[in-house]
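In what follows, a single structure is set out as structure tokens and then discussed.
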Protein chains: 2
Amino acid sequence: MTIYEVARRAGVSIATVSRTLRGTGPVAAKTREKVLKAVEELNFTPSRLGVSLAEGRHAANGVVFPDLAGPYYAEVLLGYEEVASELGRSVIILSTKGRTRVGDLIKDLAGRVDGMLIFGHTVPEPLVAELVRLGVRLVFVSRDPLPGADTLRSENTASARALAAHLADHGYERFAFLGAPLTSHDDVDERWRGVRSVLGGAIEAVDTGHYTVECGHEAATKLLKGRDRPRAIVCSDDEVALGALLAAEELGLDVPGDVAVTGWDDIMAARHARPALTTVRQPMRELGARAARALDELITGVRDTPSHHTLATAPVIRASCGHHPQEVRT
Amino acid sequence: MTIYEVARRAGVSIATVSRTLRGTGPVAAKTREKVLKAVEELNFTPSRLGVSLAEGRHAANGVVFPDLAGPYYAEVLLGYEEVASELGRSVIILSTKGRTRVGDLIKDLAGRVDGMLIFGHTVPEPLVAELVRLGVRLVFVSRDPLPGADTLRSENTASARALAAHLADHGYERFAFLGAPLTSHDDVDERWRGVRSVLGGAIEAVDTGHYTVECGHEAATKLLKGRDRPRAIVCSDDEVALGALLAAEELGLDVPGDVAVTGWDDIMAARHARPALTTVRQPMRELGARAARALDELITGVRDTPSHHTLATAPVIRASCGHHPQEVRT
DNA sequence: TTGTAGGCGTTATCAC
DNA sequence: GTGATAACGCCTACAA
């Protein structure tokens, strides 16, 4: 079913069909009707390939993430897809987790889209440079600013400080940070610096390897069994924190009575954990939505200088960080 | 950067460049080198649009889902993307939640892919028929078989019966099913029929509207406050069940002492809920992986008759359904 | 108001 | 072995 068949059926040229469908250029009312009738009868939809080739654009955005396991990426993705869709752009996904030859995959993706959202440090730095050089429109979420691309992140330092201050108010004196920063300049690293700037030498960092429930569980078990058990465990994110809660329960420790635990992100499970998890809420949906809009600006050329934004976050105090005189429920 | 520039630089024709790059047809060793050198220097990558147009295929799959809020869709999507990627196909996503003009979106998607995975009943029936008529390769996940498309689902009835039997073994006599079937012939409907076939008149269905924590919470609260409080609540899925747990806690009811609760899916939060949620595990990742493979068969033409498969599921007994002499931990 | 024709970037079929 | 050249499906000056 091509535009030629529609044209033949309607007794006009393909140019007229195109004009009618796109509303570009003038078309006589009668002609228009004939065309629409033919389109209807033949159930014609312009080939996306033809359109893209002629228009010189894909009307599609890419998104690169490590995994979709936790709720974080899914939420951001959802916000991204929603806005992209509003703007008439499809979204092509690419997960890098456990993938070999990531470079090839990214390059292939780059050939299918007008621009892409890349999470944190999922793409090796040299490749990033090459993409920038190739003129691919890029917006990074959760990484430090770099030249030639937009970056978008949510605030870490201030909320980390606020969280640390709250824990200190509980009177705790020995702390541990679970989920040590793997790469510098990423979200977790900022959280670590934030809490440390408040707690100083009273907090020690513990590496978990990955940011998963399992890793959190394992590291927390070791930590809680040790001689100098910390009074409070600040976790890099909610999933690690859920692992810590599990470890505490298995060891017969009361949370927050024996040990306090906090997370980061405010994923669904945080609210349903027992005790409910004190954490920091970040606007995941909004992050995705903004990324889509930023990309659109870059692609349409409304803007051509990279922008770098930081979205606000806020601690959500629940039960896992300690007892509160007046119950706070969120 | 087009194939013409490469050809010019290498001093050959575009046909030779194409042959060299694709390994189709013979190319003299010397010529080949010249071409590869030019390609290297110009950093040339064939335009995906050009290739697709000429090849007559997109090398891309679509996927239509309502939302990505819970872990269920994300997991299936992940399995789907992984296999699709292995098979050299990109994945274009489309969320229908809160979207108007779904028909147009789906049609646009259909024009960008060689085939698509559609969840349950996210697409109106007439449109499904039209897609089938248009020859779009389709595989449905979680819906009843229909002619002209593959369907893939996980088992519901048997596991529902097993779950119901387990609850009956606990000695309970009054039950409620939370999350009444909205459409017949879907997963939840089968679960409902399964448990009812075992519990008979002892179980009553309660509509929750949506399958979310909030809806589950609301419906459970009403139910547990009522005169004839059920002894056990079988929920349509884990999220509704989490809502029920929350409701019970707020009302000061002990789970499973006062009321037992079960879910379905075995999402991450199920294991971390307190008490840990008894549920039914379904192979979400596998569902997605199989869908991608089925689609590939359909697209490449290895198979042209629709296939309909059902994947096995199994109850996961934890703490929320009642006390067990020998603790089972999963 | 409508039609012709060139271009978008490949692949693949023929001749040579 | 290699090179024209016709698709592939559409958009859009430009001409009529």
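We name chains A, B, ... by the order of the sequence lines, and we start the count at 1 in each one.
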Span of DNA chain D engaged by chain B, first through last nucleotide within the 4.0 Å heavy-atom cut-off, is D/dG1 to D/dG9
The complete set of ring-ring contact (aromatic ring centres under 6.0 Å, His included) pairs with one or both residues in residues 45-86 of chain B, sequence neighbours excluded, reads B/Tyr73-B/Phe119
Open item on the list: Side chains of B/Ile92 and B/Leu109, heavy atoms from C-beta outward: is any pair under 4.5 Å?
Closed with: yes
Any chance the side chains of B/Asn61 and B/Glu81 put a donor and an acceptor closer than 3.5 Å? no
Item to check | Salt bridge B/Glu82-A/Lys97, side-chain N to carboxylate O under 4.0 Å | outcome: no
### Message
Strictly below 4.0 Å, N to O, side chains only: are A/Asp296 and A/Arg293 in salt-bridge contact?
### Response
no
Q. Can we say A/Lys107 and A/Asp104 salt-bridge, meaning some charged N sits less than 4.0 Å from an Asp/Glu carboxylate O?
A. no
What residues 44-57 of chain A contributes to the DNA chain C interface at heavy-atom separation below 4.0 Å is A/Leu53, A/Ala54
Residues at least two apart in sequence or cross-chain that pass salt bridge (Lys or Arg N to Asp or Glu O under 4.0 Å) with B/Glu155, listed by chain then number, are none
Taken to the nearest whole Å, CG/B/Leu21 to C1'/C/dA12 is 15 Å
Expected list for residues 1-19 of chain A near DNA chain D, using heavy atoms below 4.0 Å, is A/Thr2, A/Ile3, A/Tyr4, A/Ile14, A/Ala15, A/Ser18
Here the residues of residues 24-37 of chain A within 4.0 Å heavy-atom distance, strictly under, of DNA chain D are none
Compare all side-chain heavy atoms of B/Asp187 with those of B/Arg153 and state whether any distance is below 4.5 angstrom. yes
Item to check | Over 12 non-hydrogen atoms of neighbours within 6.0 angstrom of CD in A/Glu33 | outcome: no
Quiz item: Does A/Arg137 pair with A/Glu297 as a salt bridge, N-O distance under 4.0 Å?
Solution: no
**Residues A/Glu125 and A/Arg143 bridged, charged N to O under 4.0 Å** = yes
